Amino acid sequence: MLRNYSNSRTLGDNIRLGTLTAFTAGTINIASLLIFLSFTSNVTGHYAILAAEISKANWAQVAVVGGWIFLFFSGSFVSNFIVINFNKKSKYFAHAMPIVLEIICLLFVGVYGQLYYQKTLEETEYLVALMLFATGLQNGLTASISNFSVKTTHLTGTTTDLGILVSMFTQKKYRKNGELIGRAKLLMSIMIAYVLGAVFSGLTYYYLEFRVFYVISVCLLIVIGYDAYKIHVRHFNTKYRYNRIYKKPNLVAYLYEKIHGIPKREKKRKLVFED
């Protein structure tokens with residue numbers, strides 16, 4: 001999900017990344033709505049609020065809402081900054097670090113909310129700001145590494161694109177286009193996952209309360225852990241093959257053979273004239 005970059009990604013990579021991150025985005029958005037009465041997975045509504053507060057000359061609220069929008073922007077900036085600057089050193093590190101930062105933000109919200117939250121306006125504004133930064137990190141990462149194919153924290157563009165694709169499928173020539181079909185599958189999976197995450201959050205919040213952010217963090221850990229597992233398995237197999245080809249014993253190959261057994265070798269066939 002995280003290792004491949006831009007045009008080297010497959011449809012499966014994007015669907016796996018899109019569904020898991022969309023699920024967490026839907027969960028975050030409904031949790032923040034129920035707790036703080038504010039959406040935090042996108043800033044479309046906040047722009048409208050910003051304009052309304054400017055028209056009222058309510059400059060204190062303008063500063064707050066403007067700060068929220070800037071933090072979502074900052075999250076996207078930081079995410080892509082990490083990707084483009086560390087991608088050559090380690091793609092996995094560059095792509096996983098924004099998710100790690102998002103997990104840290106969400107865990108802070110969960111712990112603070114569970115232990116210290118007094119439901120004051122100032123606390124609410126700061127926690128909403130932190131969650132907007134976290135979702136900005138997620139949206140910036142998914143868009144950056146997928147060449148802008150995957151955006152999971154809001155569904156406005158997703159719904160628009162899917163509507164366009166469905167209208168194109170009314171013509172036979174587009175229904176046979178594999179690229180368009182794949183794109184439609186990706187958008188549908190993101191929409192369904194987002195809704196499922198929102199429903200899950202709505203059903204479990206009254207039991208979990210701020211602990212719902214721990215569940216979200218676990219989902220994000222799955223995103224990181226999946227690629228870590230694939231990388232280590234691939235490295236494991238590569239070291240084993242190296243040992244079998246070059247007869248260089250190493251601990252990895254020894255453990256592999258202990259687990260799977262030593263493969264049987266076919267007897268070397270002799271040619272007639274060798275006798």
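Since this is a predicted model, take the numbers as computed values, not measurements. All values below come from the heavy atoms of this structure, side chains included, with hydrogens, waters and symmetry mates left out.
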> With a 4.5 Å limit on heavy-atom distance, are the side chains of Thr158 and Thr152 in contact?
Replying inline: no
> Is Phe39 reachable from Phe73 through a run of hydrophobic residues whose side-chain heavy atoms are each under 4.5 Å from the next?
Replying inline: no
> At their closest point, which heavy atom of Cys219 faces which heavy atom of Thr24, and how far apart are they?
Replying inline: CB-CG2, 3.5 Å
>> If only side-chain N and O atoms count, and only distance matters, is there a donor-acceptor pair under 3.5 Å linking Asn29 with His154?
In response: no
> Step by step, would you call Phe86 with Phe93 a ring-ring contact (aromatic ring centres under 6.0 Å, His included)?
Replying inline: CA-CA 8 Å; Phe86 293 96; Phe93 172 82; 5.8 Å; yes
>> Show, in sequence, the C-alpha distance, side-chain angles and deciding distance for Val215 and Thr204, and conclude whether the side chain to side chain contact (heavy atoms under 4.5 Å, CB included) test is met.
In response: CA-CA 10 Å; Val215 177; Thr204 60; over 6 Å; no
> For Tyr194 and Thr153, does a side-chain donor sit closer than 3.5 Å to a side-chain acceptor?
Replying inline: no
> Do the side-chain N and O atoms of Asp13 and Thr10 include a donor-acceptor pair separated by under 3.5 angstrom?
Replying inline: yes
>> Counting C-beta onward and ignoring hydrogens, is there a side-chain heavy-atom pair between Arg183 and Leu162 closer than 4.5 Å?
In response: no
> What closest approach, in Å, do Ala134 and Cys105 show between heavy atoms, and which atom pair accounts for it?
Replying inline: CB-CB, 3.9 Å
> Between the side chains of Thr135 and Gln138, does any donor sit under 3.5 Å from an acceptor?
Replying inline: no
> Does Trp68 use its side chain to pair, donor to acceptor, with the backbone of Tyr126 at less than 3.5 Å?
Replying inline: no
>> Working note: Leu180 + Met168, criterion side chain to side chain contact (heavy atoms under 4.5 Å, CB included); need CA distance, chi angles, decisive distance, verdict.
In response: CA-CA 9 Å; Leu180 294 179; Met168 294 174 70; 3.7 Å; yes
> Is the backbone of Ser38 close enough, under 3.5 Å, to the side chain of Ser32 for a donor and an acceptor to pair up by distance?
Replying inline: yes
> Phe77 vs Phe81 aromatic rings, parallel, tilted or perpendicular, using cut-offs 30° and 60°?
Replying inline: parallel
> Do Phe133 and Phe72 make the cut of ring centroids closer than 6.0 angstrom?
Replying inline: no
>> I'd like to know if the side chain of Thr160 reaches the main chain of Thr156, judged simply by a donor and an acceptor atom lying under 3.5 Å from each other, with no hydrogens or angles considered.
In response: yes
>> Is the ring pair Phe200/Phe23 parallel, tilted or perpendicular, if the boundaries are 30 and 60 degrees?
In response: tilted
> Hey, does Lys119 have a side-chain heavy atom less than 4.5 Å from the side chain of Thr124?
Replying inline: no
> What are the two closest non-hydrogen atoms of Arg175 and Ile181, and how far apart are they?
Replying inline: O-CD1, 3.0 Å
> With no hydrogens and no angle check, do the side chains of Glu123 and Tyr112 hold a donor and an acceptor under 3.5 Å apart?
Replying inline: yes
> Any idea which heavy atoms bring Ile103 and Ile224 closest together, and the distance?
Replying inline: CD1-CD1, 4.0 Å
> Considering only heavy atoms from C-beta outward, does the side chain of Thr142 approach that of Asn14 to under 4.5 Å?
Replying inline: no
> Same cluster for Val109 and Leu115 if Ile/Leu/Val/Met/Phe/Trp/Tyr side chains link at under 4.5 Å?
Replying inline: yes
> Any luck finding a side-chain donor-acceptor pair between Asn80 and Ser144 under 3.5 Å?
Replying inline: yes
> After noting the C-alpha distance and the side-chain angles of Thr27 and Ser201, does the key distance pass the side-chain hydrogen bond (donor to acceptor under 3.5 Å, both in side chains) rule?
Replying inline: CA-CA 5 Å; Thr27 309; Ser201 183; 5.5 Å; no
>> More than 12 heavy atoms of other residues, nucleotides or ligands under 6.0 Å from CZ of Phe70: yes or no?
In response: no
>> With heavy-atom distances below 4.5 Å as the criterion, would you say the side chains of Phe213 and Leu107 are in contact?
In response: no
> Do Ile69 and Tyr47 have side-chain heavy atoms sitting under 4.5 Å apart?
Replying inline: yes
>> Checking Ile190 against Thr19 for the side chain to side chain contact (heavy atoms under 4.5 Å, CB included) test, could you report, in this order, the C-alpha distance in whole Å, the side-chain angles of both residues, the deciding distance, and whether it holds?
In response: CA-CA 5 Å; Ile190 290 173; Thr19 50; 5.8 Å; no
>> With no hydrogens and no angle check, just 3.5 Å: does a side-chain donor-acceptor pair link Glu209 and Tyr117?
In response: no
> Does the side chain of Met97 come within less than 4.5 Å of Glu102's, by heavy atoms?
Replying inline: no
